[in-house]
Amino acid sequence: MDERKYAQVVVERPVRNGGVFTYAVPPALVETVVPGVRVAVPLGAQVVTGFVLDVSADCPPGIKTREIIRVLEGKPIPAALLTLAGWLSSRYLCTLLDALAAVSGPAPKGGRRRETEWLWPRGDAGEILAAIEELKAPAQARALSVLAAQPGMTRQALMREAGVSASVVAALIRKGLVISEKVSRRREPYEDVALDPTPPPLLTPEQEGAFSEIDKAIAAGRPEIFFLHGVTGSGKTEVYLRAVAAALSAGRQAIVLVPEIALAHQMVLQFKARFGNQVAVTHSALVPAERHDAWERVRAGEAGVVLGARSAVFAPTARLGLIVVDEEHEPAYKQEQSPRYHAREVALARARLEGAVAVLGSATPALESVARCLSGRYRQLRLSSRVDGRPMPAVRVVDLREEFRAGTVSLFSNFLVARVREKIRQREQVLLFLNRKGFAAFVLCQACGHVIRCPNCDIALSYHRPDTLFCHYCYYRARYRPRCPRCGDERLGWFGAGTQRVEEEARALFPEARIARMDAETTARRGSHAALLDAFKRGEIDILIGTQMIAKGLDVPGVTLVGVLNADTTLLLPDFRAAERTFQLLYQVAGRAGRGPLPGEVVIQSHCPEHYAVRYSARQDFFSFARRELALRQRFGYPPYAALVRVVFSGETEEKVVREATAFGAAAREIVGGEEVLGPAPCPFGKLKGFYRWHIILKGKSGRAVRDACREVLTSFLCRRGSGVRLSVDVDPVSIL
DNA sequence: AGCACGCCGACT
DNA sequence: GTCGGCGTGCTC
Ligand SMILES: [Zn+2]
Ligand SMILES: [Zn+2]
């Protein structure tokens, strides 16, 4: 009988049908063609690669199949991750191919592991001396004698020391007078962290209570979702460590996600000290081949713990028992290219599919998480007191409107200047924090703090020349008048000072202080970021000025004052999460003060001190903030009470982009039922690398409903091929820039 | 995405 | 008459 096997293959071509084709498996490949392997297959006139989804004995009728050419190297994607890829493509409306590529981890080939090359002179001292004498080329002779004096140099060092060019060294190697030895530097970062033999610290009663719940679920193999809501310094990490230990002793593996591995230095050290080489760190500093090695250690079960950024959620753990998502509210968990997944959501889906326990942690939960705690989907565990028993820092909000009326033109209020001077006198350290500059012109009344918002969307309107204000969500437009609608003042500003200007002002105001600035410009050189932080920690800098990047993970005991120069700029972002982002940022910044023995102090400068995000963050009152914010989300129809899908159109000709976006909008309005179609409107970054960008936002009651509606529109809608307009879909967008 | 097929305008 | 524009459809 016909024993032929057929494989369903997703080809690496953006084909309309989703790219799934049926191929015959040649007898020689029956053993190796299994679900999850990559294969080379013929497609039309060419050979393309693809992923095998499934292998079976039957073939859909009425098609002439061709044979798989060969199986590519690399381990197959495990079944659970293949299922997860299917989930990803339907949850995030991406192609199955993009989902499979994400799930398949780092490529097995493509780049060598890093090697260090050492150069040695050939032979004993006599032979080398003879060779130097015989050499006709003086540069080569010089290089060889330099190397003889100091054997074991790198190529760069030899070139530098001998003052010769690369060709000189190459000639010596070619002649066999110099031996090149390449040593693979298979150094895992943090490899040299010693296991800490001391027993883990005792848990506080709160930590104990939280851990025992998680422990019970792990021991029982009950796939629960826990939300660990713990204030700054309440010891969430120790709870994660205990939970991971519990999973390991139950014979299962654990994945621990952090927003940015480069900023999780302390946490990596703690995990390495506790679990040693059982931890695989998927560090972004690894070259692809090294990432692949780490992945294989996980697959083989050598590593029981995976610690990494969002892509670590796809680690090929065979026996997953626990997934931890630390700082679950962080926007860094959102992948901003297809598949545009949120690692927290993927983690929950994976935990469900593989029967693992999930632990999400934050001091300032995403409002989606608050809603899920309230609905009972997450079990909430609270850590409400600091492990060290220190009080939260005292926060003082300075009203910039009063400063404005009093004629202050400086970025520093009089109060902040006085506090900084006091700290400098006492030889304590100061952190000055500047919110990132607004990306577009936004309108804020300098006199009363009023912000003009969209009546439909509650989103801050942005100004466009010569006299238009518009909403980036629904494209509501209004005429701009340089006159505040609330107080009538004519000084509507769009301010946006850079760190450079802050530094200049600070030098003028505090001439006796040692001041440093940390931003993209000053930390462009590799390692200078760490060097600057080290200098600050050693007390060689009195005032450190920086943007968002210094708010994360900075732990300097000498800092007793944190100043936020402009608390409001995040409130002006065209984003329904603007208030949430502001609250999170201010809360986090405040946590940077008073981490040492001296009490901390925080000064927040704001044009809208009465705004609830500013007010409640000053009191570190998350629950009051959440209550207010949830009410607004409900009123204006935003997550967690609604779901959004954003469709971005981009191309080199704006008219064509607008035409396609408008056509999509019309098709969408035709098809959808209860969902709203907002726009098209220009994206906040309306032109990026020569591409004009417009977007449409679909809004609906449930995620399922909006996704279904969007999927339906997408099946009937195609950008005209000649238009050169590309379309990309973002389900649950985090940033709409 | 590629590539072929096909149907109209302006060239040797 | 044919060379070539790109709109349309298909690839297991
Ligand atoms: Zn005003
Ligand atoms: Zn609007």
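A note on names: the letters A, B, ... follow the listed sequences, proteins ahead of strands, and every chain is numbered from 1. Note that the structure is a prediction, hence the values are computed from the model and not measured.
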When all nucleic acid strands are considered with a 4.0 Å heavy-atom cut-off, which category describes T22(A): base, sugar-phosphate, or nothing? base
Lys/Arg N to Asp/Glu carboxylate O, R352(A) vs E345(A), below 4.0 Å: no
Let me know the distance between CG of D58(A) and C1' of dC12(C), rounded to the nearest Å. 15 Å
Rounding to an integer number of Å, can you tell me how far L43(A) CG sits from dG9(C) C1'? 14 Å
Taken to the nearest whole Å, CG/N17(A) to P/dA1(B) is 14 Å
dC6(C) P sits how many Å from K656(A) NZ, rounded? 11 Å
Just how far, in rounded Å, is P of dC12(C) from CZ of R16(A)? 18 Å
Counting just side-chain N and O atoms, does R721(A) come under 4.0 Å of either OP1 or OP2 of dG7(C)? no
Determine, for F51(A) and R38(A), whether the Lys NZ or Arg CZ falls below 6.0 Å from the six-membered ring centre while staying within 45 degrees of the axis. yes
Does P60(A) reach a base, just sugar-phosphate, or nothing at all? Heavy atoms under 4.0 Å. nothing
Atom CZ of R66(A) to atom C1' of dC10(C): distance rounded to whole Å? 12 Å
In terms of ring plane angle, is the pair Y475(A) and F470(A) parallel, tilted or perpendicular, where the classes change at 30° and 60°? perpendicular
Between atom CZ in R720(A) and atom P in dG7(C), what is the gap in whole Å? 7 Å
Protein-nucleotide distance (F21(A), atom CZ; dG2(B), atom C1'), rounded to Å: 12 Å
Looking at R13(A), does any N or O in its side chain come under 4.0 Å of the phosphate oxygens OP1/OP2 on dT11(C)? no
Are R66(A) and F21(A) in a cation-pi setup, meaning NZ or CZ lies under 6.0 angstrom from the ring centre and within 45 degrees of the ring axis? no
